[in-house]
Number of protein chains: 2
Amino acid sequence: MSSVQVNSVRMNDAPAWLSPAEQHAWRAFIRLHQKLWATLERDLKARKLSGADFQILVALTDTSDGRQRFQDLANTIEWEQSRLSHQIARMIKRGLVARDECTEDGRGAFVAITPAGRKAIEAAAPHHVAMVRRLFIDALSPDELDTLARLSNRVLEQLDNVPP
Amino acid sequence: MSSVQVNSVRMNDAPAWLSPAEQHAWRAFIRLHQKLWATLERDLKARKLSGADFQILVALTDTSDGRQRFQDLANTIEWEQSRLSHQIARMIKRGLVARDECTEDGRGAFVAITPAGRKAIEAAAPHHVAMVRRLFIDALSPDELDTLARLSNRVLEQLDNVPP
DNA sequence: CCCAACTACATGGCGTGTCATCTACCTCCA
DNA sequence: TGGAGGTAGATGACACGCCATGTAGTTGGG
């Protein structure tokens, strides 16, 4: 969490913090993501969509009929069910999506993109993609991009193996 | 924001989304950070501190007298002033920090770590550092860590140059 | 057929973050 | 010296995310 040296805390069996090189890498990685993400969020918000909205709308756009069951949608975008439920409730209020009851299963429901939702994502997506290019992709060569992907995936594997 | 292909949206002057390789790198980078951050947050919360608490307490611990002006603290950790104000208000309620009035400037105030705050950070920090090691540092070789830092800093520069 | 266990989604509470706005105080110059 | 304008921080409204819990509807074994 922190990007600052903890001087006053020590352990017995391991270095209390990180070596300068380790700390440098850790800080750079964290700062990069936070600034990048914040910039993209602000940019989207200026077009009246949050990152969360965007993700939902893209996922719905990617289905043939523009709708998906809550569970499936939650799995697609790797969200907790309650997070999705809250988010969809907010988006329904704003008319971006609608809730379709499910006839086969009385408990279930579909989330369906509305025409307004489609209009919103179509208005925001090109600019957003251009931003991702400008801020991230264009800063690195194809080789470097590959390297970054490889390293990221390596750490992701570590995460899957460790997480008690 | 999204990690899903936008099939139905096109631009005239640029690819509508990212090439497979670009998308792969972008997705991996985003997913890594989100999972890593979420894991660390959950781990800290189990010890009754949020990432935000942790960052504040570390920054205060790093000063000689355990206190700092709001502005200075905000600059140190790169937060907006109002975010800091809200956060400190919450931490005061929990007794982790205190507000010291500033005699030289009647508007200003210091945030000061309390004994309880010190106890909390000292209890949490070693475990947290160990987690950062386990989840992130140990997944990569020193060379790879350097590479990651270099690439991160490159993108950060791009961010500083572009942001309008 | 019936009810217990399970599933799908909703909801409330709380901590968090942003933006816009407010208040108190300070500075500096006419 | 007396405002005008700037600065330090607080606050209210709202969106977001997590956890725990609630409520329908469904299913399967007896």
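Per chain, numbering begins at 1; letters A, B, ... match sequence-line order. Side-chain atoms are counted along with the backbone in the values below, which use heavy atoms only and exclude waters and symmetry mates.
- W37(A) places its CH2 atom 16 Å from the C1' atom of dT18(C), with the value rounded to the nearest Å.
- The separation between E78(A) atom CD and dG17(D) atom C1' is 16 Å, rounded to whole Å.
- Closest contact between the side chain of Q81(B) and the listed nucleotides dT16(C), dG25(D), dG9(D) involves dG9(D).
- Q34(A) and R31(A) share no side-chain donor-acceptor pair at under 3.5 Å.
- For the pair E101(B) CD and dC25(C) C1', the computed distance is 12 Å after rounding to whole Å.
- The closest donor-acceptor contact from the side chain of T114(A) to the backbone of A98(A) lies at 3.5 Å or more, if one exists at all.
- In this entry the distance linking CD of E80(B) with C1' of dA8(D) reads 15 Å, nearest Å.
- Under a hydrophobic-cluster definition in which Ile, Leu, Val, Met, Phe, Trp and Tyr are linked whenever side-chain heavy atoms come within less than 4.5 Å, directly or via other members, I77(A) and F110(A) are assigned to different clusters.
- Separating the CG atom of N75(B) from the C1' atom of dA8(D) is a distance of 12 Å, rounded to the nearest angstrom.
- In this structure, D53(B) contributes its side chain and S50(B) its backbone to a donor-acceptor pair below 3.5 Å.
- Within 4.0 Å (heavy atoms only), R99(A) reaches sugar-phosphate atoms of the nucleic acid but no base atom.
- Between dG9(D), dT26(D), dC19(D), one nucleotide has an atom nearer to the side chain of S82(A) than all others, and that is dC19(D).
- Between R42(A) atom CZ and dG17(C) atom C1' there is a gap of 13 Å when expressed in whole angstrom units.
- Side-chain proximity of D105(A) to dG25(D), dC25(C), dC18(D): nearest is dG25(D).
- E41(A) places a side-chain N or O within 3.5 Å of a backbone atom of G51(A) that can act as its donor or acceptor partner.
- With centroids closer than 5.5 Å and planes inclined by less than 30 degrees as the test, H86(B) and the base of dT11(D) pass as a stacked pair.
- The F70(A) side chain lies nearest to dA10(C) when the options are dA10(D), dA10(C), dT16(C).
- Taking atom CH2 of W79(A) as the reference point, atom C1' of dC18(D) lies 13 Å away to the nearest angstrom.
- In this model, no side-chain donor or acceptor of R107(A) finds a partner on the base of dT26(D) within 3.5 Å.
- Nearest nucleotide to the side chain of R90(A), out of dG17(D), dT11(C), dT16(C): dG17(D).
- Rounded to an integer number of Å, the gap from Q87(A) CD to dC18(D) P is 11 Å.
- In this structure, S85(A) does not reach the dC9(C) phosphate: none of its side-chain N or O atoms is under 4.0 Å from OP1 or OP2.
- Residue R69(B) has a polar side-chain atom (N or O) positioned under 4.0 Å from OP1 or OP2 of dG9(D).
- Residue Q71(A) places no side-chain N or O under 4.0 Å from the OP1 or OP2 atom of dT7(C).
- Between R83(B) and the phosphate of dC19(C), there is no side-chain N or O to OP1/OP2 separation shorter than 4.0 Å.
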